[in-house]
**Student:** 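After the C-alpha cells below, expect a handful of questions from me.
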Amino acid sequence: MSRVLIVGAGLTGSVCACLLRRKMPSKVNIIVWDKARGAGGRMSTSRSPSDSNCTADLGAQYITATPHYARTHQSFYDELLAHGILKPLVVPVEGMLMKEEGLCNFVTPRGISSIVKYYLRESVEAEVYFNHHVTHIHQKGAEWEVRRKGGEVECFDIVVLTMPPPQVLQLQGDMPTLIEGDSRQKLESVSYSSRYALGLFYPPGIQIDVPWAAKYIADNPCIRFISIDNKKRNVESSTSGSSLVVHTSVPFGMEYLEAVKEDVEPLILAELKKVLPSLPQAVSVKVQKWRYSQVVSAVNNAPGQLTLLPQPLLVCGGDAFTHSNFDGCISSAIQIFEVIKSSL
C-alpha cells in the first residue's frame, strides 16, 4: 500500500483525498498535512470567540456554477445538495454581475468550510494533521523524505502539493533542483490578487438593518464586498448572534500587503462606518490577510496539475492550474487523482 501525502487541507486536497479513498481504498494510505489550525484553506469559516454557533465566511462567499460545470460536475453538486452542504442562493446580492445565462449560485448553511470538512470526512481513514508546515522535501530512492517545521522527517511514496505555487517555490531540500526550466517558469508565472477580510461578530438580538444580504461596493477605495452572513445563507439567527463580513478591494490589499493586520483593522473599520453609518458596535472582530486571494494568472498548458517528477510521483495541483473557483479546484483534484491512478 502506497503512502500518499497531500499537502494542503483546502478544497483541492480534500476532494483528492476523497476520490482516492473511494476509488482506490486498497492501494493507498492517505495522509493530509496543513500548516493552519483547521481545514478550509481559502474556504475559511471563523467562529465568534463568544458564540460557537455564530460564524463568518472570511474566504469564498458563495459558489457559482456555469451551465458547463453544472453538467460536468453534476455528481459533485448533487451530492453536496443532497447532504445539505449546499443550497441555492435565494437572497439578494446587490451589484452581482451575471455575465452568462444560466448561472446557478449556491451558499453553505453551515459555512463555506463545511464543503472541505465534508470531503475530509468522506475520506474516512485518511490521517489529517493540522499545524504541519512542510519546509523540506528530499528524494531518497523511490521515496520522498518530507520535513515539517518542528517535526520528524517522514517518508512517502507519493507527494501532492496543493498550496499556492509561490509557497511551492519556497520549499527547500531537493525542491530547487527538481523545479528547473519549464516547471519553474510555469510556477513563477502564477499571480494572485491580495486582499483583507474582516469578520464582525454580534450577540443575539442585534439586527443589522440593511435591505440586502450581501452587496458589492463600487465607489469605496477600501471596501469591495459586504455580507450579512446569516442572511446570505438564509439562516435564522434568533438563538445565536449574527456576523458581518467585509472584503477589501484588491488595490487596498496590495497597498497594505506587508502591513501588520492589527494596524490595518482600524482603517477598514473607519471606511466601513462611512458605508454603513448606523452599524452597531461588534463584540469582536477577526482580521484575515489573504496574500493569495484569487488567481489572476494561472499556469498555461497544465490543466489541473503539474507533474514535477513521475517516479517517485511529485505533483502540484490547485486552482493555479485551472481557474480560481470551486469548479477549478474540483477539476484539479480529478486530474491529480488520474495521475496517481496511472502511477500506481
Side-chain angles (χ1 to χ4, degrees), residues 5-13 15-16 33-36 41-44 59-60 132-139 144-149 156 158-196 249-259 288-340 343:
L5 173 64
I6 299 174
V7 182
L11 181 58
T12 303
V15 173
C16 182
W33 287 2
D34 197 290
K35 68 177 183 178
R42 280 168 286 161
M43 285 190 156
S44 170
H132 277 46
H133 185 178
V134 173
T135 58
H136 294 69
I137 298 178
H138 295 271
Q139 183 183 357
W144 295 107
E145 284 188 353
V146 182
R147 183 185 299 275
R148 59 185 175 86
K149 190 178 294 184
F156 302 92
I158 295 171
V159 174
V160 178
L161 304 173
T162 69
M163 68 267 249
Q167 294 179 347
V168 174
L169 290 165
Q170 293 170 10
L171 294 173
Q172 299 301 306
D174 291 336
M175 290 300 290
T177 304
L178 290 166
I179 305 173
E180 291 182 333
D182 186 54
S183 293
R184 176 170 291 277
Q185 187 176 14
K186 287 181 177 179
L187 293 175
E188 289 179 343
S189 70
V190 179
S191 62
Y192 289 83
S193 61
S194 301
R195 68 181 74 238
Y196 282 83
S249 67
V250 171
F252 180 91
M254 295 299 293
E255 181 180 355
Y256 292 96
L257 184 59
E258 304 305 332
Q288 174 72 51
K289 180 195 293 187
W290 292 114
R291 181 176 294 273
Y292 307 113
S293 176
Q294 289 180 298
V295 176
V296 175
S297 177
V299 173
N300 288 325
N301 302 318
Q305 58 83 31
L306 177 64
T307 299
L308 297 177
L309 196 69
Q311 289 295 335
L313 181 60
L314 176 64
V315 58
C316 299
D319 58 354
F321 302 89
T322 49
H323 42 270
S324 195
N325 57 20
F326 173 84
D327 288 295
C329 292
I330 297 294
S331 297
S332 177
I334 293 171
Q335 292 302 315
I336 294 168
F337 167 77
E338 292 296 337
V339 169
I340 296 174
S343 174

**Student:** Can you tell me how far apart NE2 (H133) and NZ (K149) are? Round to the nearest 0.5 Å.
**Tutor:** 5.0 Å
**Student:** What are the two closest non-hydrogen atoms of Y196 and Y256, and how far apart are they?
**Tutor:** OH-O, 2.6 Å
**Student:** Considering only heavy atoms from C-beta outward, does the side chain of I340 approach that of V160 to under 4.5 Å?
**Tutor:** yes
**Student:** Which atoms form the tightest heavy-atom contact between W290 and G41, and what is the distance?
**Tutor:** CH2-O, 3.5 Å
**Student:** Can you measure from CD1 (I336) to CD (E338) and round to the nearest 0.5 angstrom?
**Tutor:** 11.5 Å
**Student:** Test your reading of the model: is there a side-chain donor-acceptor pair from S332 to the backbone of C329, 3.5 Å cut-off?
**Tutor:** no
**Student:** Rounded to the nearest 0.5 Å, how far apart are CZ of R184 and CE of M175?
**Tutor:** 9.0 Å
**Student:** Would you call R148 and V146 a side-chain contact if the rule is heavy atoms closer than 4.5 Å?
**Tutor:** no
**Student:** Keeping S331 on the side-chain end and D327 on the backbone end, is there a donor-acceptor pair under 3.5 Å?
**Tutor:** yes
**Student:** May I ask you to test the W144-Q139 pair for a side-chain heavy-atom distance under 4.5 Å?
**Tutor:** yes
**Student:** Do L161 and Q167 touch side chain to side chain, with heavy atoms closer than 4.5 Å?
**Tutor:** no
**Student:** Are more than 12 heavy atoms from other residues, nucleotides or ligands located less than 6.0 Å from atom CD of E188?
**Tutor:** yes
**Student:** I'd like to know if the side chain of R42 and the backbone of S293 have a donor-acceptor N/O pair within less than 3.5 Å.
**Tutor:** yes
**Student:** Which heavy atom in A320 sits nearest to a heavy atom in V190, and how many Å separate them?
**Tutor:** CB-CG1, 3.8 Å
**Student:** Any donor and acceptor pair, going by atom type alone, linking the side chain of Q172 with main-chain N or O of Q170 inside 3.5 Å?
**Tutor:** yes
**Student:** S191 pairs by side chain to side chain contact (heavy atoms under 4.5 Å, CB included) with which of P165, P166, S297?
**Tutor:** S297
**Student:** Hey, are the side chains of R291 and E258 touching, using non-hydrogen atoms and a 4.5 Å cut-off?
**Tutor:** yes
**Student:** Can you tell if the side chain of F326 reaches within under 4.5 Å of the side chain of M43, non-hydrogen atoms only?
**Tutor:** yes
**Student:** So, taking the atom named CG in L314 and the one named CD1 in I158, what distance separates them when rounded to the nearest 0.5 Å?
**Tutor:** 10.5 Å
**Student:** Hey, could you give me the CD1/CG distance between I137 and L308, rounded to the nearest 0.5 Å?
**Tutor:** 9.0 Å
**Student:** Output yes when a side-chain donor or acceptor of S324 lies under 3.5 Å from a complementary backbone atom of V295, and no otherwise.
**Tutor:** yes
**Student:** Can you name the nearest heavy-atom pair linking S183 to L306, along with the distance?
**Tutor:** O-CD2, 4.2 Å
**Student:** If we ignore hydrogens and angles and just use 3.5 Å, is the side chain of T162 paired with the main-chain N or O of V7 as donor and acceptor?
**Tutor:** yes
**Student:** Could you pull out the closest heavy-atom pair between S193 and V250, with the gap in Å?
**Tutor:** CB-CG2, 3.8 Å
**Student:** Give the C-alpha distance, both sets of side-chain angles, the deciding distance and a yes or no for side-chain contact (heavy atoms from CB on, under 4.5 Å) between L171 and M163.
**Tutor:** CA-CA 11 Å; L171 294 173; M163 68 267 249; 4.0 Å; yes
**Student:** For T307, does its backbone N or O pair with a side-chain atom of Q305 as donor and acceptor, under 3.5 Å?
**Tutor:** yes
**Student:** Hey, is the main chain of V134 close enough, under 3.5 Å, to the side chain of K35 for a donor-acceptor pair?
**Tutor:** no
**Student:** To check you understand the geometry: which heavy-atom pair defines the closest contact between N325 and D319, and what is its length?
**Tutor:** N-CB, 4.5 Å
**Student:** Working to the nearest 0.5 angstrom, can you tell me the gap between L11 CG and I330 CD1?
**Tutor:** 4.5 Å
